[in-house]
Amino acid sequence: MNNDPTAWYARMLLHNNTTVPKWDESCPRKLPQYFKELEYLFVDCSIADNTQKKEYAAQYVSYNMVETWLGLLEFGDNITIGNNEPQPHTYQEWKVTVLRLYPGTDTSAHYNLGDLKQLVNQTFNSGLQGIPTLLWSKIVYWLKIMLPDHHPENPYDIHQVFKGA
């Protein structure tokens, strides 16, 4: 038995292993997390080859997803530069293409509290004050008369507001 810690290496897991990265296809927003967990596994297993990464990423999803992901142009060797041999697309290029297939997976489109504060400050500083309070109270008064069954927590339709004005 070899006790040398540098001699130890990890192997990629089989698709039916209970500890493999998993992605619930009914929740596309979790796909970036799937790739993140998979990339941790690549580091642990010293997987650096782009083609291997793409194959392993497709190994842990359903058969229908495999067909879709493997059918992408970025999966194969399709880039030809000058008179050179075709070069494979990178794993990152392929991953970006896969993520584009699913709405809601673009992490750059997520907002946080700081974004909201900035928006509120910009709106306030731009001088947009909305409907004057006195006018708004009169509109709400008429809306309550015109729509007595309207729940106060539900927003009014814009056409209803115009009728109330």
Side-chain angles (χ1 to χ4, degrees), residues 1-130 150-158 161:
M1 181 169 159
N2 189 352
N3 291 327
D4 181 9
T6 60
W8 181 87
Y9 66 96
R11 290 181 13 181
M12 289 298 289
L13 304 167
L14 297 175
H15 72 0
N16 59 353
N17 190 304
T18 58
T19 61
V20 298
K22 292 186 179 23
W23 172 53
D24 179 4
E25 295 164 20
S26 68
C27 190
R29 290 182 56 202
K30 293 184 179 181
L31 185 56
Q33 182 63 33
Y34 166 78
F35 280 115
K36 188 176 181 179
E37 291 175 11
L38 191 63
E39 288 159 8
Y40 288 138
L41 191 56
F42 291 155
V43 171
D44 286 347
C45 297
S46 301
I47 304 292
D49 179 69
N50 284 307
T51 303
Q52 280 187 311
K53 287 180 179 182
K54 291 185 268 187
E55 289 172 351
Y56 279 120
Q59 178 178 331
Y60 301 132
V61 295
S62 74
Y63 182 76
N64 291 335
M65 287 301 111
V66 169
E67 285 185 327
T68 302
W69 291 9
L70 299 185
L72 295 172
L73 178 69
E74 289 77 5
F75 190 83
D77 299 338
N78 299 311
I79 300 177
T80 304
I81 303 171
N83 293 329
N84 297 330
E85 292 293 317
Q87 298 294 315
H89 288 272
T90 67
Y91 164 77
Q92 288 300 326
E93 291 170 327
W94 175 78
K95 182 177 95 170
V96 166
T97 304
V98 169
L99 289 170
R100 284 189 194 137
L101 294 174
Y102 305 96
T105 60
D106 183 9
T107 56
S108 68
H110 295 151
Y111 300 101
N112 59 32
L113 186 57
D115 296 328
L116 179 60
K117 286 179 181 179
Q118 182 180 2
L119 178 63
V120 168
N121 286 336
Q122 286 175 349
T123 304
F124 180 75
N125 293 333
S126 70
L128 296 176
Q129 300 299 321
H150 184 82
H151 193 279
E153 290 182 10
N154 293 336
Y156 290 102
D157 182 78
I158 190 70
V161 173

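Between Leu101 and Trp69, the closest heavy-atom pair is CD1-CD1, 4.3 Å. For the pair Lys22 and Thr18, the tightest heavy-atom approach, listed with the atom from each and the gap, is NZ-O, 3.4 Å. Of all heavy-atom pairs spanning Glu25 and Ser62, the tightest one is OE2-OG, 2.7 Å. The nearest pair of heavy atoms linking Tyr102 to Pro28 is CB-CB, 3.8 Å. Shown here for Ala58 and Val66, the closest heavy-atom pair between the two residues is O-CG2, 2.9 Å.
Partners of Tyr40 by ring-ring contact (aromatic ring centres under 6.0 Å, His included), not counting sequence neighbours: none found. Listed by chain and number, the residues in a side-chain hydrogen bond (donor to acceptor under 3.5 Å, both in side chains) with Trp23 amount to none (sequence neighbours excluded). With sequence neighbours excluded, no residue satisfies salt bridge (charged side-chain N to carboxylate O under 4.0 Å, His left out) with Lys53. Ser46 meets the side-chain contact (heavy atoms from CB on, under 4.5 Å) test with no other residue; sequence neighbours excluded. Tyr56 meets the ring-ring contact (aromatic ring centres under 6.0 Å, His included) test with no other residue; sequence neighbours excluded. Judged as a ring-ring contact (aromatic ring centres under 6.0 Å, His included), and not counting sequence neighbours, Tyr34 has no contacts.
Between the NZ atom of Lys95 and the CG atom of Leu31 there is a distance of 9.0 Å, given to the nearest 0.5 Å. Remark: Phe75 CZ to Lys54 NZ distance equals 6.5 Å, nearest 0.5 Å. Between the CG atom of Asn50 and the CD atom of Glu74 there is a distance of 12.5 Å, given to the nearest 0.5 Å. Distance check: Gln33 CD to Asp24 CG gives 13.5 Å after rounding to the nearest 0.5 Å. Here Glu39 contributes atom CD and Gln92 contributes atom CD; the two are 5.5 Å apart, rounded to the nearest 0.5 Å.
In this structure, the side chains of Met12 and Leu41 come closer than 4.5 Å at one or more pairs of heavy atoms. Considering only heavy atoms from C-beta on, Ile47 stays 4.5 Å or farther from Tyr91 through its side chain.
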